[in-house]
Amino acid sequence: MARQIQKEIQRGVESWISLGNRRPHLSIILVGDNPASHTYVRKKIQAASAVGICSEIILKPKDVSQEELLYITDQLNMDPRVTGILVQLPLPGHVDERTVCNGISPEKDVDGFHIINIGRLCLDQHSLIPATASAVWEIIKRTGIKTFGKNVVVAGRSKNVGMPIAMLLHTDGEHERPGGSEIIWYLSFSAWLISLSIIPSSSIHVVANGDATVTIAHRYTPREQLKIHTQLADIIIVAAGIPKLITSDMVKEGAAVIDVGINYVHDPVTGKTKLVGDVDFEAVRKAASFITPVPGGVGPVTVAMLLKNTLLAARKVID
Ligand code: ADP
């Protein structure tokens, strides 16, 4: 699925350029030497290059000041060459992540963490949607899993992952229609490209409607309560950062299980560290109708959706 989405983005980038536009350009600000952050950024850069998106890393030491980061985002906001900006999180403790995320111009905010993009998402308006939430959405929709009137449990309520996933899945997409001329221009332009078969219809960014009944669980949800909810769920999405939080006795026969967890644990067999999700995969897969593995599930699709946001951000910038 990730490969398929990347192919669509590659075609989208080519057609965008063939119409005389600049190649999309993603600037990534990376602070400190956290190995996981460096790995994620490397993956994003490689994936961007594979679909024809230019990128650059702006590397800063871990004692960089918040003022300097805001100065950098200001410069990138004003640079017409730069169409997308992201700051790799987490940032060191002395920097306020919210302030830095709000320092990125909303139309270049490919992570969708700017307060305006989050607000628009909550109001069912067009926005750049956080990539992990978009990835979960794409996995559900492209697999053909029904959400309308279904019970969904989202375990985890973080503002970047659990909350936007729950937002997408419960909404009807009709509370507030997009009204800005920029969005109308974008939609008519996209419709025109689709009619000419220049871009696939799946590449148009529509207001999402999930229409599910969504329960959000979090760290203060007692485990017995979580189990009561998950046993009723048609779709279980787990983003809690707890290995084996979801076991087979918690899953209804035929449910879909989407694992967003990223946990590094000690493997007693190999003696090495290994990556696992939040679901007891081997046991739960027997009950589930669909299940995503870790690694190789939500992660690659998330990278693809970040690239999709980068293309969308580039298309909206008319200079
Ligand atoms: P992520 O960025 O993947 O969302 P965070 O560490 O920021 O990860 O957030 C973890 C989330 O998981 C928090 O919202 C927390 O409340 C939630 N969580 C922690 N323990 C449990 C639990 N036992 N059941 C459900 N959710 C939990």
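Since this is a predicted model, take the numbers as computed values, not measurements. Start at 1 and go down the list; that is how both ligands and their atoms are numbered.
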Atom 14 (O) of ligand 1: closest protein heavy atom, distance to 0.1 Å, is R157 N, 2.8 Å
Ranked by distance from atom 24 (N) of ligand 1, the top protein heavy atom is H218 O, 3.4 Å
| field | Under-4.0 Å protein heavy-atom contact, atom 6 (O) of ligand 1 | value | no
| query | Which is it for Q6 and Q10 under the side chain to side chain donor-acceptor pair (under 3.5 Å) test, yes or no, and what are the steps along the way? | reply | CA-CA 6 Å; Q6 292 202 10; Q10 188 175 12; over 6 Å; no
A student comparing A217, A155, G261, S158 should find that the heavy atom closest to atom 4 (O) of ligand 1 comes from S158
Note: L275 and P295 closest approach over all heavy atoms is CD2-CB, 3.6 Å
Of all heavy-atom pairs linking T221 and L226, the shortest is CG2-N, 3.9 Å
The closest protein heavy-atom partner of atom 20 (N) of ligand 1 is I242 CD1, 3.2 Å
Under 3.5 Å, which donor-acceptor pairs do the side chains of residues 235-248 form with other protein atoms, sequence neighbours left out?
from : atom 1 : to   : atom 2 : distance (Å)
T247 : OG1    : D249 : OD1    : 2.6

Counting from 1 in the order shown, the ligand 1 atoms closer than 4.0 Å to a non-hydrogen atom of A240 are 10 (C), 12 (O), 18 (N), 26 (N), 27 (C)
Of all protein heavy atoms, the one nearest atom 19 (C) of ligand 1 is R219 CB, 3.5 Å
Here the pair of heavy atoms bringing H170 nearest to M167 is ND1-O, 3.0 Å
Ligand 1 atoms nearer than 4.0 angstrom to some heavy atom of L245 are 23 (N), 24 (N)
Quiz item: With no hydrogens and no angle check, is any side-chain donor or acceptor of Q88 less than 3.5 Å from a backbone partner on I28?
Solution: no
In K150, K146, K252, the residue satisfying salt bridge (charged side-chain N to carboxylate O under 4.0 Å, His left out) with D234 is K252
| Can a non-hydrogen atom of N160 be found less than 4.0 Å from any atom of ligand 1? | no
Counting from 1 in the order shown, the ligand 1 atoms closer than 4.0 Å to a non-hydrogen atom of G156 are 11 (C), 12 (O), 14 (O), 17 (C), 26 (N)
Atom 11 (C) of ligand 1 has as its nearest protein heavy atom A239 O, 3.7 Å
Fill in: L59, CG: over 12 other non-hydrogen atoms inside 6.0 angstrom
yes
Practice task
Using distance alone, decide if ligand 1 has a nitrogen or oxygen within less than 3.5 Å of any nitrogen or oxygen in T221.
Solution key: no
Honestly, for I262 the part within reach of ligand 1 (heavy atoms, under 4.0 Å) is neither
Do L89 and L91 pass the side-chain contact (heavy atoms from CB on, under 4.5 Å) test, and can you show the C-alpha distance, the side-chain angles, and the key distance before you say yes or no?
-> CA-CA 5 Å; L89 302 181; L91 291 172; 3.9 Å; yes
